[in-house]
A.B. asks: 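Questions regarding the structure given below will be posed in turn.
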Amino acid sequence: MIIPVMERPSLHGVAPLEHLGVIRASGADAATFLQGQLTNDVLALADGGARLAGWCSPKGRLLASFVVWREAGSGDLLLACARDLLAPT
């Protein structure tokens, strides 16, 4: 079914992402710690930069995937993943 443009709700550039959860990593050793845990180069992230990254078991099996970004200003690293993965990770 196609909804005509006039009948679609306006989101004004905002969409709810209720299926996602966010982990905040802060502190002097946060980037160094995550560098050893994730599959992408976290240390090279610039303020406001984002990358996809995975968290793998010691055998290399992907356990979770994240969008990682460095918050401008604080320098904290934020990891967005499926909300149901927050407790196990």
Side-chain angles (χ1 to χ4, degrees):
M1 173 181 186
I2 298 175
I3 301 171
V5 175
M6 298 302 291
E7 294 178 25
R8 292 183 193 160
S10 176
L11 295 176
H12 303 288
V14 177
L17 301 174
E18 296 169 355
H19 64 287
L20 294 178
V22 177
I23 299 169
R24 178 181 294 269
S26 60
D29 295 330
T32 304
F33 173 76
L34 290 174
Q35 181 72 20
Q37 296 292 315
L38 302 177
T39 60
N40 213 323
D41 190 357
V42 176
L43 294 174
L45 273 176
D47 280 355
R51 296 200 172 135
L52 292 173
W55 181 50
C56 297
S57 71
K59 291 185 176 184
R61 179 173 291 155
L62 184 65
L63 301 173
S65 59
F66 301 92
V67 175
V68 182
W69 71 96
R70 185 178 301 273
E71 188 174 57
S74 71
D76 290 354
L77 292 162
L78 300 164
L79 297 88
C81 65
R83 182 177 296 276
D84 60 339
L85 293 177
L86 287 179
T89 55

A.B. asks: Identify the heavy atoms of Ala53 and Leu38 that sit nearest to each other, and give their distance.
C.D. replies: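 Of all heavy-atom pairs spanning Ala53 and Leu38, the closest is CB-CB, 4.1 Å.
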
A.B. asks: Looking at Ala31 and Arg70, what are the two nearest heavy atoms and their distance?
C.D. replies: CB-NH2, 4.1 Å

A.B. asks: What residues form a side-chain contact (heavy atoms from CB on, under 4.5 Å) with Ala30, not counting sequence neighbours?
C.D. replies: Ala25

A.B. asks: Could you give all pairs that pass the salt bridge (Lys or Arg N to Asp or Glu O under 4.0 Å) test and reach residues 16-31, with sequence neighbours left out?
C.D. replies: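 Of all non-adjacent pairs touching residues 16-31, those that pass salt bridge (Lys or Arg N to Asp or Glu O under 4.0 Å) are Arg24-Glu71, Arg24-Asp76.
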
A.B. asks: In the hydrophobic clustering that connects Ile, Leu, Val, Met, Phe, Trp and Tyr at side-chain heavy-atom distances below 4.5 Å, which members other than Leu17 occupy its cluster, ordered by chain and number?
C.D. replies: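 So far as hydrophobic clustering goes, Leu17 is joined with Leu20.
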
A.B. asks: Which heavy atom in Leu77 sits nearest to a heavy atom in Leu79, and how many Å separate them?
C.D. replies: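 Scanning both residues completely, I find the closest heavy atoms to be O-CD1, 4.1 Å.
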
A.B. asks: Under the 4.5 Å side-chain heavy-atom rule for ILVMFWY, direct or indirect, which residues accompany Leu52?
C.D. replies: Val22, Val67, Trp69, Leu78

A.B. asks: How many angstroms lie between atom CG of Leu43 and atom CG of Leu34, to the nearest 0.5 angstrom?
C.D. replies: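 Here the interatomic distance stands at 9.0 Å.
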
A.B. asks: Are Phe66 and Leu85 packed together at the side-chain level, in the sense that at least one heavy-atom pair is separated by less than 4.5 angstrom?
C.D. replies: no

A.B. asks: Do Asn40 and Val68 have side chains that approach each other closer than 4.5 Å (heavy atoms only, starting at C-beta)?
C.D. replies: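 No. Closest side-chain heavy atoms not under 4.5 Å.
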
A.B. asks: Salt bridge (Lys or Arg N to Asp or Glu O under 4.0 Å): which pairs involve residues 37-58, sequence neighbours left out?
C.D. replies: none

A.B. asks: Report the C-alpha distance between Leu63 and Cys56 in whole Å, list the side-chain angles of each, state the deciding distance to 0.1 Å, and finish with yes or no for side chain to side chain contact (heavy atoms under 4.5 Å, CB included).
C.D. replies: CA-CA 5 Å; Leu63 301 173; Cys56 297; 5.7 Å; no

A.B. asks: Nearest 0.5 Å please: distance from the OG atom of Ser65 over to the CH2 atom of Trp55.
C.D. replies: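 The distance works out to 12.5 Å.
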
